[in-house]
Structures are given as C-alpha cells and as structure tokens.
Amino acid sequence: MRLLLLGPPGAGKGTQAARLVEKFGIPQLSTGDMLRAAVKAGTPIGLQAKAVMEAGQLVSDEIVVGIIAGRIEEPDCAKGFILDGFPRTVAQAEALDAMLRDKKMGLDSVVELKVDDTKLLARIENRARETLAAGGTVRADDNADAFKIRLDAYHQQTAPVSNYYAGRGQLKTIDGMAPVEHVSKALDAILAH
Ligand code: AMP
C-alpha cells in the first residue's frame, strides 16, 4: 500500500503514520525525520537544511525530491510506504507522480487530516512539553516563532497540494480534531476500501 498523509504541522500525521507502520508492516517516510537525521549527522544536506528548518521555512524541492527518490528504491519500500510530510509543494507532488509513473506505480490513498489553526500551536507546545518530560530534546522548530512561519508555509505552499489531489478525485479528508482513536478509525475505514 502506498499512502500519502497530508495536513498542517501538529495535525497528527506522525502519530497516525507510526500506528500504520505497525499495522501494515510498511515504512513511514518522513522527510522531516530524514532531514533532522541529516542535520544531526552533519551531512552536506544537513548543513544546507539546518538554518532553513530552524527558521520554519521549507527546504528546497530539489533536496527533498532527491531524498525521497533514493528512499523509495530501498528494499523495505517494495510492499509500499507511508509518506508523511512529503509532498509539501505542488512541484514535489508532480515530481512524485513522475517517480511513481516511471516505476508503473500509483498512490492507493491520499488522506488529509484537517485541524483548525487555532488548535495547532497548543498541540506543538504540548509535544514540546511531553518530549521534555520524557527526557528528550525539543525540536528546534517547535516554538511559537518558527511555528508561525511553518503554518504560513503550509497555507501558501502545501495547501495547494491538497487541491492538486482533490482535482484528480484522489483526496479523502478526516477531521483531525477528533480524539486520536476516532481519527484512527476514520483512517482505517478509508484504507479498508
Ligand atoms: P516536519 O517534521 O514534517 O514538520 O518537517 C520539519 C521541517 O523539515 C519543515 O519545517 C521543513 O523545514 C523541512 N521539511 C520536511 N519535509 C519537507 C518537504 N517535503 N519539503 C520542504 N521542506 C521539508
């Protein structure tokens, strides 16, 4: 199964993706996680991406498309994958289409988690608090200033990606403000079809 999860930062994409990894035994491809790993490891991509990510802006299409193109060739993606945080621009969506077309593949589901902007900052702040309480390190962009820029980037550059898939009749939408178990059930129902 090849699944794409869309939605603003803090919508719950990562939580749902992690659950589906267990359920379907396919990997979660989070460009955010991969970029954070590159920053931590100090790779050339990490060095290029660090400041952009900390500011809450989007890394270039070229970098993230290159990462995903390489990643979906890995053997663990043969049975499918869950894309989380990619594509984030229409150019990335078009690049993904071209990649899948080359492999004679398509997406099985494109699901958007909808959450009001007013709820998102509270969720991000909560994630930061929980990470700290668990002894972890809070993400450099999980703060109010960077979050505002991330949300602006979402509305300007990523919301059109939903329209891109909606225009092709592929987009399904879930109320991401519902309790997490309800979101899980709604997502499972979509994936069962
Ligand atoms: P995330 O973990 O998905 O919230 O991503 C964290 C940050 O990584 C974003 O704010 C961007 O700076 C960068 N990033 C992750 N995925 C992408 C993408 N598909 N395109 C551009 N930048 C991305």
Side-chain angles (χ1 to χ4, degrees), residues 2-21 27-72 77 81-100 107 110-115 117 119-131 136-165 171 176:
R2 287 175 295 274
L3 164 68
L4 203 159
L5 287 177
L6 295 172
K13 302 185 296 295
T15 303
Q16 290 300 328
R19 187 180 64 83
L20 296 173
V21 165
Q28 168 189 11
L29 309 189
S30 157
T31 38
D33 285 350
M34 295 180 218
L35 288 165
R36 277 186 289 279
V39 169
K40 202 167 169 204
T43 66
I45 283 179
L47 293 175
Q48 252 180 291
K50 186 172 190 288
V52 177
M53 290 174 74
E54 280 177 5
Q57 290 157 351
L58 292 188
V59 173
S60 76
D61 289 336
E62 196 191 346
I63 288 182
V64 290
V65 167
I67 292 177
I68 288 294
R71 186 64 185 86
I72 64 174
C77 290
F81 45 77
I82 304 158
L83 285 169
D84 160 13
F86 177 95
R88 259 194 171 74
T89 64
V90 170
Q92 291 177 22
E94 287 169 347
L96 176 64
D97 268 352
M99 273 178 231
L100 294 177
L107 293 168
V110 180
V111 183
E112 178 181 36
L113 302 181
K114 276 217 179 246
V115 179
D117 282 6
K119 301 273 184 241
L120 294 171
L121 179 59
R123 284 189 176 197
I124 292 283
E125 286 176 340
N126 196 39
R127 172 161 79 190
R129 256 194 312 275
E130 284 177 2
T131 304
T137 309
V138 174
R139 279 174 50 168
D141 59 352
D142 269 356
N143 60 70
D145 287 344
F147 182 73
K148 196 184 166 311
I149 298 170
R150 286 163 68 197
L151 201 53
D152 281 349
Y154 176 77
H155 286 299
Q156 286 172 25
Q157 291 162 275
T158 309
V161 174
S162 299
N163 298 336
Y164 176 86
Y165 290 107
L171 185 73

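Below, all heavy atoms of this structure are taken into account, side chains as well, without hydrogens, waters or symmetry copies. Read the numbers this way: they start at 1 and go in the same order the structure lists the ligands and their atoms.
Around atom 21 (C) of ligand 1, the closest heavy atom drawn from Leu83, Thr89, Val59, Val52 belongs to Val59. Across the listed options Arg88, Met53, Arg150, Arg88 owns the non-hydrogen atom lying nearest to atom 9 (C) of ligand 1. Across the listed options Gln157, Gln57, Met34, Gln57 owns the non-hydrogen atom lying nearest to atom 12 (O) of ligand 1.
The environment of Glu62 atom CD is sparse: at most 12 non-hydrogen atoms of other residues, nucleotides or ligands sit within 6.0 angstrom.
In terms of N/O distances under 3.5 Å, ligand 1 is approached by Gln92. Between Ser30 and ligand 1, not a single N/O pair is under 3.5 Å apart.
A salt bridge links Lys50 with Glu54: at least one charged nitrogen is closer than 4.0 Å to a carboxylate oxygen. Salt-bridge formation is not detected for the pair Asp117/Lys148: no Lys NZ or Arg NE/NH1/NH2 atom is positioned less than 4.0 Å from an Asp or Glu carboxylate oxygen.
Protein heavy atom in closest approach to atom 16 (N) of ligand 1: Thr31 OG1, 2.8 Å.
Of all the heavy atoms in Leu96 and Pro87, the pair that sits closest is CD2-CD, 4.1 Å. Counting all heavy atoms, side chain and backbone alike, Ile45 lies closest to Ala38 at CG2-CB, 4.3 Å.
Only the side chain of Leu35 comes within contact range of ligand 1, with a heavy atom under 4.0 Å; no backbone atom does. Neither the backbone nor the side chain of Asp84 has any atom closer than 4.0 Å to an atom of ligand 1 (non-hydrogen atoms only). Under 4.0 Å from ligand 1, the heavy atoms of Val64 that appear belong solely to its side chain.
For the ligand labelled ligand 1, residue Arg139 lies inside the 4.0 Å heavy-atom shell.
Of the possible polar contacts, none joining the Arg150 side chain to the Gln57 backbone as a donor-acceptor pair under 3.5 Å is found.
Counting heavy atoms from C-beta on, the side chains of Leu35 and Val64 come closer than 4.5 Å.
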